[in-house]
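Whatever order the structure lists them in is the order used to number ligands and atoms, beginning at 1. Position 1 is the first residue of the sequence; numbering continues from there.
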Amino acid sequence: MRPLNLCINIFSGFIYEHQITMLLLRRTVQAGKHGRSFSASQTLLSERKGLVLGVFEKEGEEGGLHLTEAAAGFDQTLSGKLSELLKISGPTLKQGKSRIFYGIHKDFPCVAVVGLGKTTAGVCGSENWDTSKENVRQAMSAGCRLLQDLEVKHVEVDGCGDAQSAAEGAGLGLFQYDQLKSKKNNKVTTQLHGSADSAGWQKGVTYAEGQNLARMLMEAPANHITPTAFANTIEEKLAPHAERVTIHKRSQAWIEQQQMGAFLSVSRGSEEPPVFLELHYNGSPDSKQAPLLLVGKGITFDSGGISLKPSPSMDAMRADMGGAATVCASIVTAAALKLPVNIIGLAPLCENMPSGKATKPGDVVVAKNGKTIQVDNTDAEGRMVLADALCYGHSFNPRAIVNVATLTGAIDVALGSAATGVFTNSDWLWEQLQKASVVTGDRVWRMPLFQHYTRQVTDCQLADLNNVGKYSRSGGACTAAAFLREFVTAPHWAHLDIAGVMSNKDEVPYLRKGMSGRPTRTLVEFAAGLVHKG
Ligand code: BES
Ligand code: ZN
Ligand code: ZN
């Protein structure tokens with residue numbers, strides 16, 4: 001065996017850790033005893049290709065490695081050099097840990113190898129997700145990001161036996177919102193390596209692109225993504241699918257005509273006109289099939305209104321349209337996948353701002369269904385815009401209604417960023433959402449819809465409902481859900497409170513710091529799951 005040499009050895013061709021600059025030297029690399037030789041010198045920085053490979057931990061064998069099919073194939077072309085290097089370069093690669101090898105292959109100056117954990121991981125009952133899929137996403141994301149930092153322009157990615165998850169990890173890991181920076185990030189293109197499952201790969205690319213669209217909309221500043229700009233962006237994204245999609249960008253006049261007094265009470269403090277975005281995706285061969293209705297909270301900036309929020313972190317409220325972003329992005333994704341289902345998307349879009357015209361605490365307004373609402377806190381605006389959108393949505397006789405909203409800080413207190421809180425009147429709908437989230441790893445957790453909470457919003461001095469619970473902070477996510485329920489008569493309705501999963505610090509390892517675009521993939525997987533359900 002070659003002696004362990006952690007110094008740079010340009011003659012052996014095995015160069016460890018971050019010594020990339022050395023590779024730029026003009027030289028010829030002799031590939032050891034097998035006599036292959038190649039020139040690494042000519043590879044321009046702008047053309048360098050990278051490769052990300054996965055490696056499992058061998059079951060029941062401490063320190064044992066099990067190469068994926070692609071890694072084993074690559075190892076074979078190097079006559080076992082990769083496995084030899086993995087052995088001598090350090091401890092066994094544990095799940096998520098990585099190592100880079102430079103100059104070992106003429107086509108790939110940089111090869112990242114990442115640990116995938118145990119082959120037997122699979123679905124974990126206590127974690128409520130498929131650990132194998134999560135491991136693949138995490139590993140491929142980590143490998144791609146390492147190579148992105150090395151300014152590699154094109155990366156081939158190991159399918160790891162689950163090309164969809166590999167593509168999701170790569171696509172999500174590489175995304176960064178740098179549109180407004182002068183110095184852009186290194187853009188990396190990706191391609192499946194050593195697997196025939198190009199359909200799975202393509203599906204994963206589309207899922208990741210969907211979530212990245214939601215991330216882009218959420219991260220973008222509120223002076224860029226106004227209600228009008230939001231609607232125009234979605235219209236553009238849906239343009240290639242015009243055959244199956246109809247879009248209505250409803251104006252303020254239309255909203256008034258619809259008597260959406262709750263929605264209008266939120267937008268009235270702002271100079272930006274509100275937009276009620278309505279998307280129809282007709283994917284089912286049966287045009288009469290009852291649609292799935294998705295409703296997203298679309299507050300493009302939530303200052304709190306007259307009940308003004310404190311300044312620290314108020315900037316994060318540019319993402320208060322996360323519900324609308326994930327709903328619309330999931331419809332764009334469903335259209336790209338040509339899912340054979342009908343989906344209607346509704347997004348009440350507006351800003352929540354203080355001004356001389358703004359709604360004041362104690363004001364009473366009338367919702368579309370005639371219910372009166374005392375607005376005790378103008379910062380509880382999400383439920384107001386959703387109330388009218390939910391009433392309107394019933395007119396389509398949907399098979400199920402799912403609304404998605406960055407609704408309450410209280411759900412963040414309850415669940416943090418681990419899972420979206422789901423409040424639903426339907427065990428069937430809960431099962432569908434939960435099943436989808438196990439696959440995507442973007443989890444959901446069921447929350448209560450007790451009458452206990454309903455009483456706290458219906459006990460109101462001036463009107464039928466108060467927009468905040470009478471014990472204010474206690475059970476805030478649950479009283480908000482109870483409020484929404486007052487605008488629902490459908491038997492299959494779910495409210496997804498996504499305030500806790502709105503942004504990512506480092507909790508989800510395959511998402512960078514920033515707005516998360518969660519739970520777009522779960523919504524898409526859920527819609528796809530309805531295909532054979534009549
Ligand atoms: N958009 C916020 C909720 C939010 C908080 C989303 C943190 C993301 C991160 C919502 O409009 C709001 O302000 N809710 C209030 C409700 C309260 C006044 C009853 C809240 O959660 O404090
Ligand atoms: Zn608010
Ligand atoms: Zn809000």
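S426 and H492 share a side-chain donor-acceptor pair at under 3.5 Å. Side chains of T440 and E525: no donor on one and acceptor on the other come within 3.5 Å.
The ligand atoms of ligand 1 that sit less than 4.0 angstrom from a heavy atom of K297 are 1 (N), 10 (C), 11 (O). In summary, the atoms of ligand 1 found under 4.0 Å from a heavy atom of K309, numbered by their order in the structure, are 2 (C), 12 (C), 13 (O). For ligand 1, the atoms sitting less than 4.0 Å from at least one non-hydrogen atom of A499 are 6 (C), 8 (C), numbered in the order shown with element in parentheses.
The Zn ion (ligand 3) has K297 among its coordinating residues (N/O/S atom, backbone or side chain, under 2.8 Å). Taking 2.8 Å as the threshold, D302 counts as a candidate ligand of the Zn ion (ligand 2), since one of its N, O or S atoms lies below it.
Without hydrogens or angle criteria, R268 side chain to K357 main chain gives a donor-acceptor distance under 3.5 Å.
Residue-level check: among N/O/S atoms of E381, OE1 sits closest to the Zn ion (ligand 2). D320 has its closest N, O or S atom to the Zn ion (ligand 3) at the position named OD2.
Of the listed residues (D379, I411, T378), the one carrying the non-hydrogen atom nearest atom 12 (C) of ligand 1 is D379. Nearest to atom 3 (C) of ligand 1 by heavy-atom distance, out of V413, L407, V501, is L407. Distances from atom 11 (O) of ligand 1 to the heavy atoms of E381, M384, R473 put E381 nearest. Ranked by closest heavy atom to atom 7 (C) of ligand 1, the top entry among R383, M317, M321, M502 is M317.
Of all protein heavy atoms, the one closest to atom 2 (C) of ligand 1 is D302 OD2, 3.6 Å. At the shortest separation from atom 19 (C) of ligand 1 among protein heavy atoms lies V468 CG1, 3.4 Å. Protein heavy atom at the shortest distance from atom 18 (C) of ligand 1 is N377 ND2, 3.3 Å. Among all non-hydrogen protein atoms, the one lying nearest atom 20 (C) of ligand 1 is G409 N, 3.9 Å.
The 12-atom threshold is not exceeded at CH2 of W445, counting heavy atoms of other residues, nucleotides or ligands nearer than 6.0 Å.
When each of D376, T479, D459 is checked for a side-chain hydrogen bond (donor to acceptor under 3.5 Å, both in side chains) with K470, only D459 meets the rule.
Annotation for W201 and A167: closest pair O-CB, 3.3 Å, computed over non-hydrogen atoms.
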Verdict with reasoning, F175 to M216, per side chain to side chain contact (heavy atoms under 4.5 Å, CB included): CA-CA 9 Å; F175 173 88; M216 185 273 283; 4.2 Å; yes

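Using a 4.5 Å heavy-atom cutoff, the side chains of E431 and Q434 are not in contact. Between D388 and F487, every side-chain heavy-atom pair lies at or beyond the 4.5 Å cut-off.
Counting protein heavy atoms under 4.0 angstrom from atom 22 (O) of ligand 1 gives zero.
The existence of a salt bridge linking R518 and D442 is confirmed by a sub-4.0 Å separation between a basic side-chain nitrogen and an acidic carboxylate oxygen.
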